[in-house]
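First comes the structure, then the notes that go with it.
Just so it is clear: chains get the letters A, B, ... in the order the sequence lines come, proteins before strands, and each one is counted from 1. Side chains included, hydrogens not; waters and symmetry mates left out as well; all remaining heavy atoms used.
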Amino acid sequence: MERYNFKVIEKKWQTFWEKNQTFKASIKKDKKKFYCLEMFPYPSGKIHMGHVRNYTIGDVLARYKSMQGFNVLHPMGWDSFGMPAENAARQNNLDPKTWTEENIKTMKSQLKQLGLSVDWNREISTCSEDYYKHQQSFFLDLLDKGLVYRKENYVNWDPVDETVLANEQVIDGKGWRSGAVVERKKLNQWFFSITKFSSDLLDSLEKLSKWPNKVKVMQKNWIGKSFGCEVNFDIKSSLPVKTIKCFTTRPDTLFGFSFLALSIDHPLSDFFKKDVEFIKFKNECGKTGTTEASIANAEKIGFKTNIKAINPLDVTKEVPVYFANFVLMDYGFGAVFGCPAHDQRDLDFALKYKLKVLPVVCPPNEGDNFKITKEAYTGPGKIFNSQFLNGLNCPDESILKTIEILEQKKIGKQKINFRLKDWGVSRQRYWGCPIPIAYNNRGEVVKIPKKDLPVKLPENIKLEVKGNPLEHQKNWKEVIINGEKCIRETDTLDTFVDSSWYFLRFCSTENTNVGFDLDDVKYWMPVDQYIGGVEHAILHLLYSRFFTRALGFNEKNFINLEPFEGLFTQGMVCHETYKDSKDNWLSPDEVESKDGKIYYKKNDTSESVKVGSSESMSKSKKNTIDPENIINNYGADAVRFFILSDSPPEKDIQWSEQGMISSYKFVQKFWSLHKIIISLELKNDINQSEDIDIFTNQMIDKITKNLENFHYNVIIANLHEIYNFLSKNLKKIDSKKNLLSNYEKILKIISPVMPHLTNECLNELNAKDRNEWPKVNKKFLKKVNFDVVIQVNGKKRDLMNFNKDINEQDLLFEIKNNQKLSKFLKDKEIKKSIYIKNKLINLII
RNA sequence: GCCCUCGUGGUGAAAUUGGUAGACACAAAGGACUUAAAAUCCUUGCCGCUUGCGGAGUGCCAGUUCGAGUCUGGCCGAGGGCACCA
C-alpha cells in the first residue's frame, strides 16, 4: 500500500493556495463577512507550540466559516517592536532591525508550513515605517482631542545602567542586569487618558456576551469602581492649608475616626521637605521591596505630624495627622481617614501607634459593649456610638444617609472612584515608535507637523551606551520646526500602543495614506472572533477597547467602539520537566524512557532522571518541543490534529510524543482507507441500507455544533469515530455511488482540521465545490427505532428497542413480557411510571 | 485577605433543557498473527459470586426530584486573577 507522503502533498497544496490566492480577502458587500483574528506574534526567533495551538484553532474556524459562505478576513502580522530585539541586538552586536527582520522571515516560513488560510497580502509589521507613521498621526490626533497629556511620574530607575526598568525587570528590588538597588525617580512622561472612559469601559463589558466571563471579571476588577464620597477635613496647624480631602466608601464610620493618614507624596509633604526626621521616614518607606509579597507583608509605619484634623461630624473631636507608607498617592486624594474598628489596615496602624479604637457598627448579635480587639469588623449591623447616625442599618441605609448629611452640611460630596489609572506610554528605549513631539528652548511642547511624519528611528545607532540610545543621537535629536530650533522627544511608545489598533490596519493595508479607511473598517469590523492567550486578558484588550474609543471620540461618523465581538482564550501547551542528579534541567530530547522509567540518554542508562510536574513550555525549564522538527517528522495535518485533540482548547494541553505518533498514524490510516474506498468495486447501484447516510448526517450535525462551540477536542474524537465507522462498515455498503457521495461530505467536514490530506482526497474524487460546508439532510436524523432505557426505581435494568411512536400502554405491555425484567417486577404492583418519549421509562414499584 | 474557575477510571477527557456515566484517545495487562521483534487486530479495566448477574460509583456531607456529574446549601482540595485601592 502506498504511504501518504505528507512532505510532497502538503507542499503541493500550500503552493496551490498561494498561486490561486485562495485566501485573499476583499470587500464583497453582498456577502456576510467574518473577521477571524489571532493575536499576532512577537518575532522572537522561531515559532513555539503555543503559536501552533493558537493559529490552528483560528485556522480551523476561518476555514469552516469560509466553507459556510462567509467572506472571511484572516490576516497575520508581527508585533515587532520591543525590548527583546534591543537586548538580543546588544548581545549579538547587530541592530534590532536586522535581528527582527531575520526572525520574521524564519517564522513566516514556519507558519506557512502549518498550512494556515492566511491572507499574506495583508501582512503588517509594527516596526515598519509604513505602520508606525499612522500611529504617530493618531498620537497627534489624540493630543488634539485632549486625550494625551504629560506629567511627572515615578519610574524604576537603575542607577548603574542609567536606564528605566519595567516592573518585570525588577527582581527583589534590584535591576535584572546590573543587580543595583532600584531607585524611584520622577520623570516627565506621556499619558493616555484612559480613565476618561472608565465608566464606559466598565459598563460596556456587559454587552460582550461572546467573551469569557473570566476575562470580563478580571477587567471589571482592574477598572475597580467604588461608590463613596469625598470628605473635607478641617485641620489645625501652622501651615497655610485649611483642609484635607479624603475619599471614603465608608462615611458612615466617621464617628470612629481616630487618625488621618497621608501619602508621602501628598502635596502637604512639600512643607516637610527639610524635616530631617521626615526625610528619614521617607527613605524608610522607599526600602520596602517592589514585589507583591513584600508590599502585602510590609509593616505599616507612620510619621506623626503636629497637624490635627477635626471630625467634620463632631467638631469637638481632634485626631492626629500622619504620613503613612500604606497610603497611595494615585488613588483617591492620597489621603485616608482612619477608622480602626472597621478596617483591618487602619486597625494594624492604630494598634502600633496606640490610637483610639471606637466601634461604630454593632454586629447583629452584639450589644452596646461590643469591643474590637485584634480583628476589625467589616460586616453588617447597626450604627451606634455615632450621635445622630445611631440606629441606622449598615451598610445600605447608613452610607447613603451619611452622604446626604455631609452634602447638606457642604463638607462632602458623593463620588465614584476608579482604580484604573491613566496609561503611561513613554518608554526610555530605542526599539519602539518615536513619539512625534519636540521641545523648544522654552521647554514647550511642539508637535511634529503631520507632513513631516514619520519621525523615523535613526539607523546604525550605538546600543552599548548607558541609558536610552536615542539620547545620544545628536543629529537626530536636533530639529527645526517652524523656524525654531527644537529637541526631539527621545522616549518611544509602549508597544501596547502598537497592538491597540493593528486590527484596524488589517482592514486597509493597501491604503498607505491613512491608518485605516473608514469604509473598509465599517465593512470588516468588529473582529468577529479574536483568539489568543489569557495573559492579555487585561492590558492588551483593555487598551484596544480604549483606543477605538479614543479614535472615535468626538467623531460623528465612526465604527462600533467595541473592537472584539467574540473572544476566545486558549490554554497553554505543557510538557513534563526533567532534571539530572545535579538539578540541571534536561530537555525532552536528552531523556529516553525504558521499562517505564526515564533515563538520561547521553549517559549510561544507570543515571535516572528526576521527572517533575508538567508545566507550560519554557526555554528556562528546557521542556520545549520545536514545532519545526515535529512538522518535518509528522506533517502539518498530523500536528494540527494532535494539538486540537485531548484537551478542550481553553484548557492547558499536555504535549505527548505518544499522542503525536498516534495522530500521525491516524493520517496514514485514513489515507489507506481512502485508497480502499476509491478503488472499491461495488456492483449494486441501488442503495439497500441507509446506515451510512444516517451516520454521515449525524456527523455533519455533530461536527457543525462542536465547531460553533469550540469543542475542538470532541471534533477529533468525531474524526476517530468516522474512521472507525467506515473501516468497520465498508463491507456492508452496497452502492458505490452512495458511498462516494457520503464520503465526499465526510472529507469536507474533516477539511478545516486537516486541509492538505482532505484536499488531496477530494481531488482524487474529482469533487466539485470543495469549499462548501455540507448541509444536514434532516431526513436521516429522524430515527425510526429507539433504544429505550427501562428503569425500575430509578435504576437501569434493560434496554429495549421500540418504534418511535409506541404509546406508553403498549410499551408497558412489552415490558411485562420481558423475561429479563420479570425478576424485578414479579409479584410487584407498578405504582407509577414516568415515560420520556423515545428515551426512558422509569417504573416505580 | 478579596474575587473567579474547576474537582468524573492509571492519564487526557466525553455526556442537549436533570434522563443509559466514562464517548474518543493515551498508558498498562492478557491474547491472536510472527522463528522473533516491529506493525496490526481482539479482550480486560472498582467490589463480590465468577457463562452471566448483582452491588457500589462523577472530591466529601446533606437537600430537592420518579430520576442528580448536571440544580440548592455547607465543607474539603486544586488552579488562576488582584493585592495596603481607603
Side-chain angles (χ1 to χ4, degrees), chain A residues 212-222 224-226 228 231 246-251 253 261 263 288 291-293 295-300 324-328 330-339 342-346 348-349 378 417-421 534-535 537-538 574 593 596 614 642 645-648 650-654 656-663 665-666 668-669 702 705-706 709 711 713-724 727 787-799 820 823 831-837 839-845:
Chain A
N213 203 44
K214 178 175 65 170
V215 175
K216 288 193 277 189
V217 169
M218 279 160 75
Q219 291 213 356
K220 192 180 161 196
N221 293 338
W222 189 261
K225 180 178 179 173
S226 36
V231 184
C246 295
F247 172 75
T248 177
T249 56
R250 294 299 304 276
T253 62
S263 162
T288 313
T291 60
E292 287 175 357
I295 290 170
N297 301 326
E299 202 190 352
K300 285 158 189 59
N325 64 340
F326 62 86
V327 184
L328 306 169
D330 49 10
Y331 185 81
F333 301 100
V336 297
F337 95 78
C339 175
H342 304 292
D343 183 298
Q344 192 58 45
R345 193 194 37 201
D346 293 349
D348 294 344
F349 190 81
T378 53
N417 218 6
F418 293 94
R419 209 190 71 113
L420 184 67
K421 295 174 183 74
V534 73
E535 65 273 19
I538 299 173
C574 300
S593 144
S614 180
F642 174 68
S645 68
D646 286 346
S647 295
E650 69 275 14
K651 283 178 72 175
D652 288 354
I653 187 173
Q654 299 285 350
S656 126
E657 187 71 17
Q658 289 302 330
M660 185 59 244
I661 291 169
S662 122
S663 299
K665 283 180 187 163
F666 183 86
Q668 292 295 344
K669 278 194 315 195
K702 275 189 194 175
K705 282 176 184 155
N706 286 331
N709 296 308
H711 294 164
N713 57 323
V714 187
I715 292 175
I716 300 303
N718 294 150
L719 300 195
H720 280 290
E721 283 178 69
I722 287 173
Y723 174 83
N724 293 345
S727 64
D787 282 334
V788 175
V789 178
I790 318 296
Q791 289 186 342
V792 179
N793 285 343
K795 276 182 185 166
K796 180 190 160 192
R797 292 303 180 191
D798 203 5
L799 266 183
K820 204 171 157 188
K823 67 176 165 186
K831 289 176 190 155
K832 191 180 170 186
S833 69
I834 298 108
Y835 178 48
I836 311 297
K837 206 180 166 195
K839 240 180 199 168
L840 175 145
I841 183 160
N842 191 5
L843 309 169
I844 310 304
I845 58 171

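At the heavy-atom level, V327(A) lies under 4.0 Å from base atoms of the strands shown. If you check every strand for non-hydrogen atoms under 4.0 Å, K421(A) touches a base. Contact annotation for S833(A): no contact, since no heavy-atom pair falls under 4.0 Å across all strands. As judged by a 4.0 angstrom heavy-atom cut-off over every strand, D346(A) is placed among residues making no nucleic acid contact.
Checked options L843(A), I844(A), I841(A); the residue passing with I834(A) is I844(A) (criterion: side-chain contact (heavy atoms from CB on, under 4.5 Å)). The side-chain contact (heavy atoms from CB on, under 4.5 Å) test with H711(A) is passed by exactly one of I716(A), N718(A), N706(A): N706(A).
Taking every heavy atom of both residues into account, F666(A) and L719(A) meet most closely at CZ-O, 3.5 Å. Across every non-hydrogen atom of G794(A) and N842(A), the tightest pair is N-OD1, 2.9 Å. Closest of all the heavy-atom pairs between N221(A) and R419(A) is O-NE, 3.5 Å. Looking at every heavy atom in both residues, A537(A) comes nearest to Q219(A) through O-NE2, 3.0 Å. Across R250(A) and F337(A), no two heavy atoms sit closer than the pair O-CZ, 3.7 Å. Across F333(A) and F247(A), no two heavy atoms sit closer than the pair CD1-N, 3.6 Å.
If you take atom P in G12(B) and the same atom in A27(B), they sit 15 Å apart, rounded to whole Å. Between G80(B) and G31(B), the two C1' atoms lie 47 Å apart (nearest whole Å). Only the P atoms considered, A13(B) is 16 Å distant from C26(B), to the nearest whole Å. Taking atom P in both C85(B) and G18(B), one finds a spacing of 41 Å when rounded to whole Å. Using P as the reference atom, G45(B) and C24(B) are 15 Å apart when rounded to the nearest Å. Look at the P atom in both C82(B) and C71(B): the space between them is 28 Å, to the nearest Å. Taking atom C1' on both nucleotides, G59(B) is separated from G69(B) by 12 Å, rounded to a whole Å. For the C1' atoms, the distance linking C46(B) with G10(B) amounts to 13 Å, nearest Å.
A donor-acceptor pair is defined here as one N or O able to donate and one able to accept, closer than 3.5 Å; no such pair exists between the side chain of N417(A) and the backbone of S226(A). Remark: the backbone N or O of C339(A) is paired with a side-chain donor or acceptor of D346(A) at under 3.5 angstrom. Remark: side-chain polar atoms of N325(A) are paired, donor with acceptor, to backbone N or O of E299(A) under 3.5 angstrom.
Distances shown here put a side-chain N or O of N724(A) below 4.0 Å from the OP1 or OP2 atom of A25(B). The side chain of K220(A) contributes no N or O atom lying less than 4.0 Å from OP1 or OP2 of C82(B). Put simply, K665(A) has a side-chain N or O that comes within less than 4.0 Å of OP1 or OP2 on U40(B). At G55(B), one or more side-chain N or O atoms of R797(A) fall inside 4.0 Å of OP1 or OP2 (strictly under the cut-off). In this model, the phosphate group of C26(B) is not approached by any side-chain N or O of S656(A) to a distance below 4.0 Å at OP1 or OP2.
For the pair R250(A) CZ and C85(B) P, the computed distance is 14 Å after rounding to whole Å. Following rounding to the nearest Å, M218(A) (CE) and A83(B) (C1') show an atom-to-atom distance of 14 Å. Atom-to-atom, CZ of R419(A) to P of C3(B) comes out at 15 Å; the value is rounded to the nearest Å. C66(B) atom C1' lies 15 Å from atom CD1 of I790(A), rounded to whole Å. The separation between Y331(A) atom OH and C82(B) atom C1' is 13 Å, rounded to whole Å. The nearest whole Å value for the distance from the NZ atom in K216(A) to the C1' atom in C3(B) is 16 Å. Between N718(A) atom CG and C24(B) atom P the separation is 11 Å, expressed in whole Å. Atom NZ in K300(A) sits about 14 Å away from atom P in G1(B), given to the nearest Å.
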>> Show me the dot-bracket string of RNA chain B, counting Watson-Crick or G-U pairs under 3.5 Å, with | for pairs to another strand and [ ] for crossing ones.
In response: (((((((..(((......[....))).(((((.......))))).((((..))))...(((((..]....))))))))))))....

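The OH atom of Y835(A) sits 9.5 Å away from the CG atom of L840(A) when rounded to the nearest 0.5 Å. One distance of note links CZ of F642(A) with OG of S662(A); it measures 8.0 Å at 0.5 Å rounding. Atom OG in S663(A) sits 6.5 Å away from atom NE2 in H720(A) (nearest 0.5 Å). The distance from the CG atom of D330(A) to the OG atom of S263(A) is 8.0 Å, given to the nearest 0.5 Å.
Both W222(A) and K832(A) lie close to RNA chain B; mapped to their nearest nucleotides by heavy-atom distance, the more 5′-ward contact belongs to K832(A). Where N417(A) and V217(A) each meet RNA chain B at their nearest nucleotide, the meeting point lying more 5' is that of V217(A).
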> In the 5'-to-3' direction, what one-character label does each nucleotide of nucleotides 9-20 of chain B receive under the scheme B = base within less than 4.0 Å of a protein heavy atom, S = sugar-phosphate only, - = no such atom?
Replying inline: ---BSS--B-BB

What protein N or O atoms touch nucleotides 27-34 of chain B N or O atoms at under 3.5 angstrom, if any, and at what distances?
residue : atom : partner : partner atom : Å
A27(B)  : OP1  : Q658(A) : OE1          : 2.4

Tabulate protein N/O versus nucleotide N/O from nucleotides 45-53 of chain B, keeping only pairs under 3.5 Å, one per line.
residue : atom : partner : partner atom : Å
C53(B)  : O3'  : K823(A) : NZ           : 3.1

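In terms of the salt bridge (Lys or Arg N to Asp or Glu O under 4.0 Å) criterion, residue partners of D798(A) (sequence neighbours excluded) are, by chain and number, K820(A). Scored by the salt bridge (Lys or Arg N to Asp or Glu O under 4.0 Å) test, K837(A) finds D805(A) as partners (sequence neighbours excluded).
In this entry the base of G54(B) is anti relative to its sugar, with a glycosidic angle more than 90° from 0.
Considering only the side chain of L328(A), A86(B) comes nearest among A83(B), A23(B), A86(B). Residue I538(A) has its side chain nearest to C82(B) when only A86(B), A23(B), C82(B) are considered.
Side-chain to base pairing of R345(A) with A86(B): one donor and one acceptor N or O lie within less than 3.5 Å of each other.
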